[in-house]
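Comments concern the structure below.
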Amino acid sequence: MGTIETGIRSGRLSPAEYETNFSDLHPPLDEHEALVASDRCYFCYDAPCMTACPTSIDIPLFIRQISTGNPIGSANTIFDQNILGGMCARVCPTETLCEQACVRNTAEHRPVEIGRLQRYATDIAMRENKQFYERAEPTGKSVAIVGAGPAGLACAHRLAVNGHDVVIYDARKKSGGLNEYGIATYKAVDDFAQKEVDYILSIGGIDIRNGQMLGRDFSLSDLTSRHDAVFLGLGLAGVNALRTEGETTEGVEDAVDFIAALRQSETKTDIPIGRRVVVLGGGMTAVDAAVQAKLLGAEEVTICYRRGKENMNASEFEQDLAAAKGVAIRHWLQPKRIISRDGKVAGIELDYTTMTGGRLVTTGETGVITADHILKAIGQTFEADGLGIIALQSGRIVIDGEGRTSLDGVWAGGDCVLGGDDLTVSAVAQGRDAAESINLALAAASQPAVAVA
């Protein structure tokens, strides 16, 4: 009997198989399907779905507009609250937000397809390049934004609408942040992230300078000296370490880097993958990495999570998706050491875990899973280089209800702030609301002083 080939390599599938595997996860609704789906909405007064949406989109209104044959008006309603509504329609965990709150669940256990309806409307508006906003008269004020991700883009658009000049500094070669580099390819096909960036920039007054990193190319004090206000939408650039023996072995890779490489590959044929892949973690990144490993041709993919199913940050839909794609999810396992052979990954030894007295502890039992490729998806960290004296707590930026930081003239939002929930839609809401606060502050600063008799 011959030996089974192991190791990491690209081109495990045919070009046609790659194309099929990485096609749209949820194909868009056609007009008839959208009308049928919109007809299921009760158009609730004080709709719970609106409360569940971090950007507070008027969901009953936009669905009613679709049902009456007005998708352009529907898109306007969506963009008024969420200028990145197209991407959020694709990547939001609607099953735990608006759709979970839908009253249709009570009797039918099947919500209105809010996410797909939102995509239907916004896709039409973007495809027809319908612009709903015009810039106000120039204010002469300049605002710096660090980070061209969801928070930064939402902030920039709202500021530009109000007539301010905006300069976005972003460390990456391409704009979009998490939407461009950090989500599964099958969730946003056809280079949608860049199309959305272009749509947002078409308002005018926004200058993006790529390849510019805070702490390397400029400091926060540089920005405050050159601009009237600053917004920090930095995201999470660091990756948590396993702190496990063998972590640097060839074949151990950060899942975020793996996903980013996939997002930037046109054909996927150049992305190497092992035959037996283990993904460590329990969040959306872990599921995205695991499912895509399977789609790249890995024969066995296993997610190992140190707690139980109910503790996973990945939604139940995402977990079910992974299972449907052939990914095994094993709980109550945490990495103990990476097993290597000839300097390459050969497997992973794991400790079994349990909860005792409210604490996660190991049981003393161990197990081994054969693997030639290990992807780490155990969380990301905020890197604060270049921020100076700005207040941090638990490694994130502290802000007030308007997004103001401890430093006068500096706001922040998105994953880099304390209390961030790592959702695109929440980052958009924080960027939008910070822009409103910045606009009021700049307007107040422009008012002439009132003479006191």
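Everything numeric in this text was worked out from a predicted model, so none of it was measured.
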Would you please name every residue forming a side-chain contact (heavy atoms from CB on, under 4.5 Å) with Leu13, sequence neighbours left out? Glu17, Tyr18, Asn21
What closest approach, in Å, do Ile114 and Phe62 show between heavy atoms, and which atom pair accounts for it? O-CZ, 3.9 Å
Distance, nearest 0.5 Å, that separates CD of Gln81 from CE of Met50: 7.5 Å
Hey, is the main chain of Ala391 close enough, under 3.5 Å, to the side chain of Ser406 for a donor-acceptor pair? yes
To the nearest 0.5 Å, what is the distance between CD1 (Ile59) and CD1 (Ile78)? 9.0 Å
Quick test of your reading: applying ring-ring contact (aromatic ring centres under 6.0 Å, His included), list the pairs with at least one residue in residues 105-143, sequence neighbours left out, ordered by first then second residue. Tyr133-His157
Step-by-step side chain to side chain donor-acceptor pair (under 3.5 Å) determination, Ser426 to Asp421: CA-CA 7 Å; Ser426 298; Asp421 55 13; 3.0 Å; yes
Looking at Asp254 and Val256, would you say the former's side chain and the latter's main chain have a donor-acceptor pair under 3.5 Å? no
Are His164 and Phe231, when compared by the centres of their aromatic rings, separated by less than 6.0 Å? no
Please report the interatomic distance CZ(Arg396) to CG(Asp415), rounded to the nearest 0.5 Å. 6.5 Å
With a 6.0 Å cut-off on the ring centroids, do Phe192 and Tyr199 count as close? no
Could you give all pairs that pass the salt bridge (charged side-chain N to carboxylate O under 4.0 Å, His left out) test and reach residues 153-170, with sequence neighbours left out? Arg135-Asp165, Arg158-Glu436
Within 6.0 Å of CD in Glu310, more than 12 heavy atoms from elsewhere: yes
For Glu383, give me all partners under side-chain contact (heavy atoms from CB on, under 4.5 Å), at least two apart in sequence or on another chain. Ala237
So, Ser175 versus Asn210: side-chain donor-acceptor pair below 3.5 Å or not? yes
Asn240: side chain to side chain donor-acceptor pair (under 3.5 Å) partners, not counting sequence neighbours: none
Ring pair (Phe, Tyr, Trp, His ring centres under 6.0 Å) involving Phe218 - partner list, sequence neighbours excluded: Tyr169
Qualifying side-chain hydrogen bond (donor to acceptor under 3.5 Å, both in side chains) pairs, either residue in residues 44-71, two or more places apart: Gln65-Thr77
Main chain of Ala314, side chain of Gln319: is a donor-acceptor contact present, judged purely on distance under 3.5 Å? yes
Are the side chain of Gln292 and the backbone N or O of Thr185 linked by a donor-acceptor pair below 3.5 Å? yes
Partners meeting side chain to side chain donor-acceptor pair (under 3.5 Å) with Asn311 (sequence neighbours left out): none
Please answer whether the main-chain N or O of Ser202 pairs with a side-chain N or O of Gln131 as donor and acceptor at a distance below 3.5 Å. no
Residues passing the salt bridge (charged side-chain N to carboxylate O under 4.0 Å, His left out) test with Lys187, sequence neighbours excluded, are Asp288, Glu318
Say you draw a straight line from CG of Asp320 to CD of Glu95; how long is it, rounded to the nearest 0.5 Å? 9.5 Å
How far apart are the closest heavy atoms of Gly86 and Thr122, and which atoms are they? CA-OG1, 3.5 Å
Derivation and outcome, side chain to side chain donor-acceptor pair (under 3.5 Å), residues Asp270 and Ser265: CA-CA 7 Å; Asp270 58 333; Ser265 172; 2.5 Å; yes
Assess the side chains of Lys174 and Gln264: does a donor N or O sit below 3.5 Å from an acceptor N or O? yes
Any side-chain hydrogen bond (donor to acceptor under 3.5 Å, both in side chains) pairs touching residues 31-43, not counting sequence neighbours? Arg40-Glu108, Tyr42-Arg104
With a 4.0 Å cut-off, would you call Arg209 and Asp207 a salt bridge? yes
Salt bridge between Asp24 and Arg119, side-chain N to carboxylate O under 4.0 Å? yes
What residues form a side-chain contact (heavy atoms from CB on, under 4.5 Å) with Thr405, not counting sequence neighbours? Ile390, Ile397, Ile399, Leu407, Val410, Ala412
Interatomic distance, Leu236 atom CG to Gln380 atom CD [nearest 0.5 angstrom]: 5.5 Å
Hey, is CZ on Arg216 packed in by over 12 heavy atoms from elsewhere, all under 6.0 Å? yes
From CG (Asp422) to CG (Leu178), nearest 0.5 Å: 8.5 Å
Using a distance-only test with no angle check, is there a side-chain donor-acceptor pair under 3.5 angstrom linking Gln194 and Glu180? yes
Got a sec: does the CD of Glu316 have more than 12 other heavy atoms crowding it under 6.0 Å? no
Would you find a donor on one side and an acceptor on the other, under 3.5 Å apart, between the side chain of Asp198 and the backbone of Lys195? no
Asp408: what forms a side-chain contact (heavy atoms from CB on, under 4.5 Å) with it, not counting sequence neighbours? none
Is it true that Asp123 and Arg90 make a salt bridge, defined as a side-chain N closer than 4.0 Å to a carboxylate O? yes
Step by step, would you call Ile438 with Val143 a side-chain contact (heavy atoms from CB on, under 4.5 Å)? CA-CA 9 Å; Ile438 293 169; Val143 181; 4.1 Å; yes
